[in-house]
Chemist: 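There's a structure below that I have some questions on.
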Number of protein chains: 2
Amino acid sequence: MHHYSRDNMAELLRAHDINPTHQRIEIAYALFSHQEHLSADQVMTIVNDRHAETSKATVYNTLNLFLEKGLIREVIVDPSKVFYDPNTGPHHHLYEVDSGRLTDIAADDVRIEGLPELPKGMETVGIDLIVRVKRTA
Amino acid sequence: MHHYSRDNMAELLRAHDINPTHQRIEIAYALFSHQEHLSADQVMTIVNDRHAETSKATVYNTLNLFLEKGLIREVIVDPSKVFYDPNTGPHHHLYEVDSGRLTDIAADDVRIEGLPELPKGMETVGIDLIVRVKRTA
DNA sequence: CCGGGAGTTAGACAGAGTCCAAGTCCTAGA
DNA sequence: TCTAGGACTTGGACTCTGTCTAACTCCCGG
Ligand SMILES: [Mn+2]
Ligand SMILES: [Mn+2]
Ligand SMILES: [Zn+2]
Ligand SMILES: [Zn+2]
């Protein structure tokens with residue numbers, strides 16, 4: 001899919017068993033049309049850019065709902081805030097520690113081998129691979 | 001090394017170009033004698049268990065100093081707090097999302113292949129591999 | 001015994017995220 | 001069309017992690 005509209009978003013939400021409200025549609029649209037890793041704060045700013053209509057509580061409620069329903073995923077790289085990722089397919093991340101820029105690494109060519117057996121009664125929720133980089137001195 | 005004493009800690013600090021003070025020795029001892037991933041709050045509790053003598057500001061100052069000097073490393077897996085890791089050798093992490101338990105995965109057998117070239121002018125600071133697991137439903 | 005720099009401190013502060021009780025919105029049913 | 005009720009949203013208080021600052025203490029060299 002290449003073009004994101006608010007109508008698309010409503011369908012997407014319904015497909016994930018989420019009741020599409022004004023606010024939820026705007027928040028989904030912010031994430032999917034940008035196709036970037038956004039913090040809650042950035043989502044809030046984008047959504048309220050034209051005219052304020054979505055509260056902080058709703059932004060957090062909604063992001064957590066989206067997470068629960070598997071519509072987005074969270075990326076934990078910065079100790080001070082969570083990033084929300086509209087790309088739920090398997091992929092990894094490159095984090096520029098100076099600038100805070102976070103970009104995707106396609107999972108296709110990356111192989112992770114030799115991980116030990118999981119303890120019994122445990123299942124993998126996800127494997128996060130983060131490459132931290134900085135400008136060469 | 002298998003037995004950690006406060007005298008050990010003083011030497012260790014000096015070897016890392018850190019002036020060993022009472023508080024710094026206690027904090028290093030908390031981390032190295034436990035050999036666990038501790039949050040700042042946990043360090044604070046351990047250090048002040050017998051009698052309060054180290055302030056919150058000093059705990060944070062000291063942990064950040066230890067990081068800077070390469071004595072410990074930080075592990076960012078939990079969106080709400082940083083864990084400090086006395087093991088600076090290459091290794092990976094297993095994170096139990098329910099309980100918050102964080103354990104090491106030896107790096108020996110793990111191979112990560114096929115990572116793309118870094119953008120020019122960038123160098124790798126570190127590669128974090130985190131396996132998130134939960135109890136089977 | 002001093003002087004001064006390094007280290008520590010309490011407490012104010014900032015930012016991310018949660019919680020709550022009150023209000024609004026939407027819909028299904030009469 | 002009207003209405004009742006559940007779902008959703010809201011402002012603001014609150015919590016928690018982490019930082020900052022200005023005053024104080026400690027320690028060492030002269
Ligand atoms: Mn609107
Ligand atoms: Mn002491
Ligand atoms: Zn991503
Ligand atoms: Zn570790």
Side-chain angles (χ1 to χ4, degrees), chain A residues 6 9-10 13-14 16-31 37-48 51-69 71-85 97 100 102, chain B residues 6 9-10 13-14 16-31 37-48 51-69 71-85 97 100 102:
Chain A
R6 286 169 176 79
M9 291 302 104
L13 295 183
R14 276 187 216 98
H16 283 259
D17 199 24
I18 298 168
N19 201 353
T21 66
H22 269 293
Q23 289 87 343
R24 288 171 181 176
I25 288 169
E26 289 302 318
I27 291 170
Y29 186 65
L31 284 161
H37 308 87
L38 301 176
S39 65
D41 197 62
Q42 289 174 302
V43 169
M44 177 105 180
T45 301
I46 293 171
V47 161
N48 288 327
H51 67 117
E53 65 174 2
T54 306
S55 69
K56 186 174 61 149
T58 295
V59 169
Y60 279 101
N61 287 344
T62 300
L63 290 171
N64 287 328
L65 179 67
F66 287 3
L67 279 179
E68 226 175 80
K69 298 292 190 179
L71 186 63
I72 62 177
R73 90 186 233 196
E74 60 184 345
V75 184
I76 300 167
V77 283
D78 182 312
S80 75
K81 60 171 120 45
V82 171
F83 287 101
Y84 297 89
D85 191 343
V97 292
L102 181 62
Chain B
R6 285 169 177 81
M9 291 302 105
L13 295 183
R14 277 189 215 97
H16 283 259
D17 199 26
I18 297 168
N19 201 352
T21 66
H22 269 293
Q23 290 86 341
R24 288 170 181 175
I25 288 169
E26 290 301 318
I27 291 170
Y29 187 66
L31 284 162
H37 308 86
L38 301 177
S39 66
D41 197 62
Q42 291 175 301
V43 169
M44 176 105 179
T45 301
I46 292 171
V47 161
N48 288 327
H51 68 118
E53 66 174 0
T54 307
S55 69
K56 186 174 61 148
T58 294
V59 169
Y60 279 101
N61 287 345
T62 300
L63 290 171
N64 287 328
L65 179 67
F66 287 3
L67 278 179
E68 227 175 78
K69 298 293 190 178
L71 186 62
I72 61 176
R73 90 187 234 196
E74 59 184 345
V75 184
I76 300 169
V77 284
D78 182 312
S80 74
K81 61 171 116 47
V82 170
F83 287 101
Y84 296 90
D85 191 343
V97 293
L102 181 62

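Since this is a predicted model, take the numbers as computed values, not measurements. Lettering of chains follows the sequences in order, A, B, ..., and the numbering in each one begins at 1.
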Chemist: Are side-chain heavy atoms of Phe83(A) and Gln42(A) found at a separation under 4.5 Å?
Modeler: yes

Chemist: Under 4.0 Å from a heavy atom of chain A: give me the 5'-most and 3'-most nucleotides of DNA chain C that qualify.
Modeler: dA16(C) to dC19(C)

Chemist: Quick one: does Arg6(A)'s side chain have a donor or acceptor within less than 3.5 Å of a partner on Ile25(A)'s backbone?
Modeler: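 A pair under 3.5 Å: no.
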
Chemist: In B/S/- notation, 5' to 3', how is nucleotides 17-27 of chain D contacted by protein heavy atoms closer than 4.0 Å?
Modeler: SBBB-------

Chemist: Could you check whether Thr58(B) gets within reach of a base, just the sugar-phosphate, or nothing at all, counting any heavy atom under 4.0 Å?
Modeler: base

Chemist: Does the side chain of Leu13(B) reach to within under 4.5 Å of the side chain of Thr21(B), using non-hydrogen atoms?
Modeler: no

Chemist: Quick one: pull up CG in Leu38(A) and CD1 in Ile27(A) and give me the separation to the nearest 0.5 Å.
Modeler: 11.5 Å

Chemist: Pick out which of Thr54(A), Val59(A), Val43(A) makes a side-chain contact (heavy atoms from CB on, under 4.5 Å) with Asn48(A).
Modeler: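 Testing each of Thr54(A), Val59(A), Val43(A) against Asn48(A), the sole residue satisfying side-chain contact (heavy atoms from CB on, under 4.5 Å) is Thr54(A).
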
Chemist: With sequence neighbours excluded, what pairs up with Lys69(A) under the salt bridge (Lys or Arg N to Asp or Glu O under 4.0 Å) test?
Modeler: Asp17(A)

Chemist: Quick one: CD1 on Ile72(B) to NE2 on His16(B), what's the gap to the nearest 0.5 Å?
Modeler: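 Rounded to the nearest 0.5 Å, the CD1-NE2 separation comes out at 11.0 Å.
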
Chemist: Please report the interatomic distance NE2(His37(A)) to CG(Leu102(A)), rounded to the nearest 0.5 Å.
Modeler: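 It is 4.5 Å, given to the nearest 0.5 Å.
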
